Every structure is written in structure tokens, then in C-alpha cells.
Amino acid sequence: MKLKSRHLLGLKGMDRNEIEFIFDTALNFREVLERPIKKVPTLQGKTIVNLFFESSTRTRISFELAERRLSADVVNFSVSGSSVAKGETLKDTARNIEAMKIDMVVIRHSSPGAAMFLSRVLKSSIINAGDGTHEHPTQALLDMFTIKEKFGKIDGLKVCIVGDILHSRVALSNIFGLKTMGANVAVCGPRTLIPRDLEKLGVKVYYDINQAIRNSDVLNVLRIQLERQDRVFFPSIREYHLYFGITKERIEKNNREIIIMHPGPINRDVEISADVADGSQSLILQQVLNGVAVRMAVLYLLGTQN
Amino acid sequence: MKLLLKNTNIINPAQNLNTVADIFIVNGIIQKIGKQIECESDVDVYDLKGKIIAPGFMDMHVHLREPGYEHKETIETGLEAAAQGGFTAVCCMPNTNPPIDEASVVKSILQKAKNVLNGIVDLYPVAAATRGREGKELSPMIELSEAGAIAFSDDGSTIYNAEILRRAFEYSSMLNKVIIQHPEDPELSRNGVINEGVMSTILGLPGIPSIAEEIIIERDTRILEYTNGYYHAAHISTKNSVEQIRNAKKKGLNVTCEVTPHHFTLTEEVLGDYDTNAKMKPPLRTQNDIETLIDGLSDGTIDVIATDHAPHSFDEKEVEFLAAPFGIVGLETAVGLALTYLVNKKFLTIEQLIEKFSVNPRKILNLPVIKIEEGEKANLTIIDINKNWTVDVQKFKSKSKNSPFHNFVLIGKAVGIINNCNVYFSE
């Protein structure tokens, strides 16, 4: 089997077999990660550039580890001190780097569609590591992989994504992926942070966190950021935590097992209380580990296609 | 110059005229209209059997980019694109650099236009309604008007301050000149780049809600009701905008509006692959909006089809979506799109189409309506409603190629114009 596209731009349009194929491949790499020597020669001789136009610690490290464990040559590009500061366009920056004979590009950029744009102007395989408020497909793949690992399936599970859905690429990729995999997808957050017409994508919307918890097998809790310019969306961190925060009390009131996930980085005691983040129902560190395996799988499948 | 146009279908709704005849033109004046006109050998004869002769088309919403942005378009290339598209007149918008907010800029633009294709396309500059298009103080409207400004607008920006708009209505009404509003509440449209709805949600792009347009039109018509004056809403795009204009007209207000060809032909669906050539303001909306816009054209609520021709260079559009400028070119596809999507689909008669492209814009701008009769100046657009053609942006006369209609197959085209003693045939 092969993936249909040379690129991973998003989970919209990716079918169930492809996602299962990535999971099966990731399972093999999970095993590799448990070995004393965690390196395989699969992508030896391939050069991968990590083009990060937005700051990122964990996604960049996760990709870099995945690349190095596949024995690829890795080049990191990040915004500070780069040609971007000198006014070079994305197209020029990417084409210049590609001219140095690159095989794959992992891109993070603030503009939705930036990965798709690069796929049009470059010859390399493009992997979207987050394009603005659009998609973050490897994050959703690792979230789903983690869910499947825990429950043995995704079909029929009730997954609720909690928080700032409007500005979240993690939410959108999870919605597309989970729908494809047969989950019942819901979101919960203040109405100002729910994108318009989301219900038309077949997503249930809750504005009451207790109701969301009662009706979910999995909560995927998103990071809440309150920038100065975003005060129009909700009044305060305090109010958010009081009415939408995932607390031990809320979880315990619910008399059934629920799994807590978070793409990180966590704002402790804002969107999630510390005891829940560190509690037994939390799969947060499992997600991080699976992230490397899933990214190895994606890099391997795209990097060895030809 | 002597011209004989033979066997042509002359249509002018302003005169209730629809007949097949020959037209004999001498030195730009219609000498004779009749059957089987004979002529001498020094006359250029064109057999226009099967073609329509209409009063010269006008595009009252064009960005020529000069002065200031000549890498996108110049007066020369823009007017050539107009001629190619079948327009004998265009209005150019004032968001140039410097903006058209001083008489000297108006004069210099008019001077340049005279030399393009021997002046076949009449250029009518729209001057800024406020100084620097900043929305803070009125522009010198009387002086601008004397220099040749045809109307006033801050297009590209909304005249947002309600008091400034009120005063602009009052002041411009002394000149019988219209205020053309770009209706967009900048706080509601915020950092939006496409229509807010299911597409903006799927693409993760910030949305522009339909109410950003509608509440400005609602407010503006209330101000107009209080002050009197002349109001023209540019490029309306939503269902409720049509309904608001319809209601304002019922009240008897001097309200008119226009729609662009892209807003009655394309929906937000075409943005699925982040095509920056489908990024414009107002954004492409939904099928429901298109249906109401077409109803509005058909029942006369929408007076004018205008292109909002907005050239941007290749480099400026070949960037990530958020970074791309708003706007598309339209002069060379407008008539073909309107014929294909409105007349051929029987939403509009050819007479109604000619009203939207020629009669109504002239009325709104207080220009004489063109008559096709003996003794009148020949200001004509030649249309082939059966011509099957494929849009090829590389063939555009416009300096810019930013059109979402590349490779569209259209039925019907403006194939030539006659104006100011000149003839121009497009291929």
C-alpha cells in the first residue's frame, strides 16, 4: 500500500485505509523506540529541512528526533536571524533552500494554506507541521494513535475537544481525522471560540463543560491563550478556568472512566488543573512518545515512496 | 474616418430600439441608419451580421493603479484592457499613490488617458471623498469636480465615520454627484480574508461576516434618508444587502448599487485550494447569495454590473494566502461572464444587460445616456452573443493576470468598440 499523496498537508481528504496504514507503520516504530539502539537506516541519504516560521519546541524536537532516528540528514531553519527578517518571501526562502538539494520539507507557518502553497512551488515532499489556524495533521494522527492504543479502536468513541476551537489547528485536524475514523466528535468552549457553521461538519457543540464531560470517552484539552488583542473572545483566564477548566472535581462527579489528552504545552490550572494533568486518566506523556513514532511513520512513508 | 456597419442588430433600451439595419458613421458621428446603405470606396465596411450594436459600455469601478502602483497596471494598459473587454468608458478609483484627492492628480490622469489608443476609451476619475482617503476631513469636492472628477469614494476603505459620511452626502449633493461607498465595517471584518461560514471553518481562515457589509448599507441609507444626496453601494455581495437596497429604493431614496461578475458567478467553494486569485473584498459568498444577487439584477434592485478590476502583479499574488492582496482583474472577462451566466441562462434579457453596462451607470453618474440615432456621436459596443471562447489570462491586455476565470469557457463576448472617431476590434 502507498499513501495517495506525496505530501501530508492535512487530514481532510485522507481516507481511513491511509490513516490505518500510518498507524500500523507507527506501531513498528514504537517498537524501535523501545530498543536500546533507537536508530534505523531507513532514510539514510535523504535530506530533510525543518522550516519553522513560528516558534515551537516540542513539535520541532519531535520531528527532529524522528528524522534522526530514521538516519536522515537534518537541517533546521527557524525564523530568528533568518532571511525572513530581511523581507524575503516564503517562496524565495523555500526555493533557495530547496536549490541545495532537499528531499523533504517540514513546515510550520502562521498562514493557513502555507503547506499547500509550498507543495505548489517546490518539488520536495511537504509535511505540514502546523499552518496557522488550519491543520496540524501529525498532532491529530498521534492523538488518534494514542486513543486507539488505549481503547483498541476509534470507531464509535465519543471524543470532545475542549477550548479555543476557533484558533486551533489541532482541533480541525482532529475533527477531520476522527470523523474519518468513525468517532463521534464534539467540541466544548465559549461560543466566541467555536467557529461558525462547525455543526455543518457533523460536530456536536457543547457550551456546558459538565455536559461535555458526561457525554465523552475522551477529552482532548487545548491550550488557552489570552493575548491582549483577543480580549474580544472571552473576558478573562479566571472566568475561563471557572466555567470551562477541566478540574478533578468535574471529572470525579462524572461516574465513568474518561481519558484526558492535551497537545501541550499545558497552562496548569488554566484549561486543566495540575492534578488532572498528572492524574491516572491523563495520556499526555504517552502522546508525546507516540508523536515521535507517528512522525517516523509519516516521514518513512513519504520519504520512501519513489 | 468613414465607417459602414452592415446588417447589425441595433439594441438600445434607452430608446426602446431593437432593429436590424446598417449604420453609416462619418468622423465619429452617426450619419445614417437604414437598410442597405450604399457607399463609396473610401469607406471601411464591416459586415456585422449576427452581431449586436449596443450603446458603449461603461465600467464604473476600475483600479488603474496609476499613479503609484505602475507595476500592477498603468492608465495605458488598463484602458487597453477596457477596450479589449468592450468598454468605451471606465471610472478609475482614487486609491492610488498619491490618492486622487487633489485637482492636479485628476488632471494628470485625464491627460494621460487621452493618448491611449487615440483616446477611444473615456476615462472618468472618481476622486476621494475624504482627504488622503483617511475618512477624517472632506476632500475639496468642488475643485475636484471642476477638474473632472465624476463621483466621490474612498473605495478600498469605507467612509466609516457617520458624521463625515453625512457631510459628504450634503456637500456632494450641491454638485449632483454620487458618493460611492465601499460597504465594509472594518471592525467586523477585522482580519478576515474570506466569507465567514463553513469554508472559513474548513480552511482555518479568519472570516468576514456578511453583516460587515450589511450594517454599513443599513446605516448609510438611514443617513441618506436624513440628508438626501446620492448614494451608490459598490460591489454588494450578500442576500441581505440586496434586500436592504430594495427596501431603500421602495422608500424613494437616491440609492443605487452594483455587483461584480465574480460575485454572481463564483462561490466560496472555489477557495478550497487557497487560490489567492479568488481572494478579494468583499469575499466570494454562497450559492444562496448568488441567487439573490441574480434576482436583484433581474428585478432592477441592482442597477449596474461593474468589475472592481483590481490588478496585482504575479509576485504579489504568489504568496501564502494571508499575505496576498485582495482583488482580481475583471475588465476582459466581465461582458463574457455576464452574457454566459445571465443572458444565456435567461436570467436577464440582452436589453437588461445593456442597461446594467451602459444606461444605468451613466444615469447614476449624471452623464448623458447614449443614443444610437442620426446626428449622435457614435459611442458603441459590438457584441457577439454566440462566440464560444476560452479565457486565457496570458492574452490579457491588462498588465496583471490575477483572474480566477483562467480556462473558463464562455459563450458571448464584446468583440469591438467605436468611440471618439476610433474603432477597436478585439480578436
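Naming: A, B, ... by sequence-line order, numbering from 1 per chain. Keep in mind it's a predicted model, so treat the numbers as computed, not measured.
- Chain A is approached within less than 4.5 Å, heavy atom to heavy atom, by no residue from residues 257-268 of chain B.
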- Task: Could you check B/Val198 against A/Leu201 for side chain to side chain contact (heavy atoms under 4.5 Å, CB included), going step by step and ending with a plain yes or no?
- Result: CA-CA 8 Å; B/Val198 75; A/Leu201 303 187; 3.9 Å; yes
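- The shortest heavy-atom contact between A/Leu172 and B/Gly204 is CD2-N, 4.0 Å.
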- Task: Start with the C-alpha gap between A/Asp131 and B/Glu320, add the side-chain angles, then the distance that decides, and say whether side chain to side chain contact (heavy atoms under 4.5 Å, CB included) holds.
- Result: CA-CA 10 Å; A/Asp131 58 335; B/Glu320 59 277 21; over 6 Å; no
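- If you measure heavy-atom distances from A/Arg120 to chain B, the contacts under 4.5 Å come from the side chain alone.
- Contact detail for B/Glu318 and A/Phe117: the closest heavy-atom pair is O-CZ, 3.4 Å.
- With a 6.0 Å radius and a threshold of 12 heavy atoms from other residues, nucleotides or ligands, A/Arg196 has its CZ atom at or below the threshold.
- Taking every heavy atom of both residues into account, B/Leu203 and A/Pro112 meet most closely at O-CB, 3.6 Å.
- Neither the backbone nor the side chain of A/Ser168 comes within contact range of chain B, judged by heavy atoms closer than 4.5 Å.
- In this structure, B/Val319 and A/Lys91 have side chains that are not in contact, with every pair of non-hydrogen atoms separated by 4.5 Å or more.
- The shortest non-hydrogen separation linking A/Ser111 to B/Phe321 is OG-N, 3.6 Å.
- In this structure, the separation between OG1 on A/Thr89 and CD on B/Glu316 is 12.0 Å, given to the nearest 0.5 Å.
- Contact detail for A/His134 and B/Ile202: the closest heavy-atom pair is CD2-O, 3.5 Å.
- When all heavy atoms of A/Leu198 and B/Thr201 are compared, the pair lying nearest together is CD1-CG2, 3.7 Å.
- From A/Asp197, atom CG reaches atom CD of B/Glu196 across 8.0 Å, with rounding to the nearest 0.5 Å.
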